[in-house]
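Residue numbers begin at 1 in each chain, while the letters A, B, ... track the order of the sequences.
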Amino acid sequence: MDWGALHTILGGVNKHSTSIGKIWLTVLFIFRIMILVVAAERVWGDEQDDFVCNTLQPGCRNVCYDHFFPISHIRLWALQLIFVSTPALLVAMHVAYRRHEKKRQFRKGDQKCEYKDIEEIRKQRFRIEGSLWWTYTSSIFFRLVFEAVFMYAFYFMYDGFRMPRLMKCNAWPCPNTVDCFVSRPTEKTVFTIFMIAVSSICILLNVAELCYLLAKFFLRRSKKAGNSKQQPNHENKEETKQNEMNELISDSCQNTVIGFSS
Amino acid sequence: MSWAFLRDLLSGVNKYSTGIGRIWVAVVFMFRLLVYVTAAENIWKHEHDEFECNIKQPGCQNVCFDHFFPVSHIRLWALQLIMVSTPSLLVVFHVAYRENREKQHNQELYRNPGKIDGGLLYTYLISLMLKTGLEIVFLVLFYKLYNGFKIPHLVKCDIKPCPNTVDCYISKPTEKMIFLYFLVATSCLCIVLNLSELSYLIFKYSIKCYLKRHMNKQQ
């Protein structure tokens, strides 16, 4: 069980996503998860071992490290990626539920069901409309919220996105104030800025997808409203035609009757 | 043999679960298993090496660490994940037993061997109760072993061979505490899901039973 399993789970959702959703998924896997696993984890790998304080006092290093890094960057990113990927499961569950209903209809032999066999139902791609639209839009909204919350948590916990080289620590049992040095601060700053940048790109993609879905929704609504307005005009035209025909028939009848009577 | 085995096992169980059961599987995968493997395991990786005591006496550090961490948090977490996933196997075995029976008798004994009715309903309910029970047992174990869910950054140790009382410092106590709370929260969420699934099934099948009896009376 690792990030590969997440890829399998989310890959299924990809089929039912919009194009922007597919781009988001690609960015997530290539620029965030892969970078995290392949590069970032190595950079932060020796973070406590190489965190050195200018004191021989036992315990001072542990306490200072714990004070300045309540939760490591790497763990925060892992949690962020897990939380941000979870809303997609809502869509996966909704699609699975729809498929289950269609399979039930098919098994009952419902004539309304237009599928020839179960394999077709399994492979079918559902359009994002109706209740699926609401599920999909809520999943994007939650994604946005989680991204924003984690970015803010990051900024709040580490006073910005820079990793300082030197930290001054005076937590007990350190005697007086002690200089502590972080390992690889520049490399960590570079990766932090990279991950924040990709996070922002993902936020933009989510906002764009949300706007696209809303625009689609309103367009569809206005089309429906437009269609329902046109139909009464058609009916009026047909009615007037019918009325004219009725008048012609009644006139010709009267003429015939008058003709007979005379 | 790794966590992938557990993942495959749970995917197999998913087929015979109710909707709430599927949500439970998703919560276990995403918020417990995945978090454990990708984040939590690394925090506790070097816990013994990074446990430091203010003393040069050989053996004192080892003895103190062993006294304060009889079973490491991370191992308890792993055991909890395994124990809590295992009762679902009862359902898988029962369905396999049903399918086997059908093969032996060479006829359709059940409308659908995977449907939760009859004996399978009782097996499913028992598995839910076991899951909930095990979750609660592990939470109580965590609480009792470590005096609550807090991890102090300093522990005072005076076991032989440590001369007098010695200060020992635990590594990354805040990070460990955050993940411990996360574990407790997800555990509680799973307990709530199991209890709601239990009530839903009991309610559904009592109504069914009642309606059947009512119709029989009318006839």
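Heavy atoms closer than 4.5 Å to chain A are found in the backbone of Cys53(B), but not in its side chain. With a 4.5 Å cut-off on non-hydrogen atoms, Ile170(B) touches chain A through its backbone but not through its side chain. If you measure heavy-atom distances from Leu89(A) to chain B, the contacts under 4.5 Å come from the side chain alone. Both the backbone and the side chain of Asn42(B) come within contact range of chain A, with heavy atoms under 4.5 Å apart.
Under a cut-off of 6.0 angstrom, the local environment of NZ in Lys45(B) is sparse, with at most 12 non-hydrogen atoms contributed by other residues, nucleotides or ligands. Heavy-atom contacts from other residues, nucleotides or ligands closer than 6.0 Å to OH of Tyr181(B) number more than 12. Other residues, nucleotides and ligands contribute over 12 non-hydrogen atoms within 6.0 Å of the CG atom of Leu166(A). Within 6.0 Å of the CZ atom in Phe142(A), the count of heavy atoms belonging to other residues, nucleotides or ligands does not exceed 12. The 12-atom threshold is not exceeded at CE of Met83(B), counting heavy atoms of other residues, nucleotides or ligands nearer than 6.0 Å. At most 12 heavy atoms of other shown residues, nucleotides or ligands fall within 6.0 angstrom of atom OH in Tyr97(A). The environment of OH in Tyr155(A) is sparse: at most 12 heavy-atom neighbours from other residues, nucleotides or ligands sit within 6.0 Å. Other residues, nucleotides and ligands contribute at most 12 non-hydrogen atoms within 6.0 Å of the CE atom of Met34(A).
Within the model, atoms CG of Leu34(B) and CG of Leu81(A) stand 9.5 Å from one another, a figure rounded to the nearest 0.5 Å. The CD atom of Glu175(B) sits 6.0 Å away from atom OH of Tyr65(A), with the distance rounded to the nearest 0.5 Å. Within the model, atoms CZ of Phe51(B) and CG of Asn62(A) stand 9.5 Å from one another, a figure rounded to the nearest 0.5 Å.
Interface summary for chain B: among Thr86(A), Leu36(A), Val63(A), the most heavy-atom pairs under 4.5 angstrom belong to Thr86(A).
Looking only at atom types and distance, the side chain of Thr174(B) has a donor-acceptor partner in the side chain of Asp66(A) under 3.5 Å away.
Side-chain contact between Lys172(B) and Gln48(A) is present, with at least one heavy-atom pair separated by less than 4.5 Å. Using a 4.5 Å heavy-atom threshold, the side chains of Arg75(A) and Ile178(B) count as separate. Here the side chains of Ile71(A) and Phe179(B) are in contact, with some heavy-atom distance below 4.5 Å. For the pair Val35(B)/Ile82(A), a side-chain contact is recorded, criterion being any heavy-atom separation below 4.5 Å from C-beta on.
Pro58(A) is linked by a side chain to side chain contact (heavy atoms under 4.5 Å, CB included) to Glu52(B), Asn54(B), counting only residues two or more places apart in sequence or in another chain.
Pairing each heavy atom of Thr38(B) with each of Ala78(A), the nearest pair is OG1-CB, 4.3 Å.
Between Trp172(A) and Tyr169(B), the ring planes lie tilted relative to each other; the angle falls in the 30° to 60° range.
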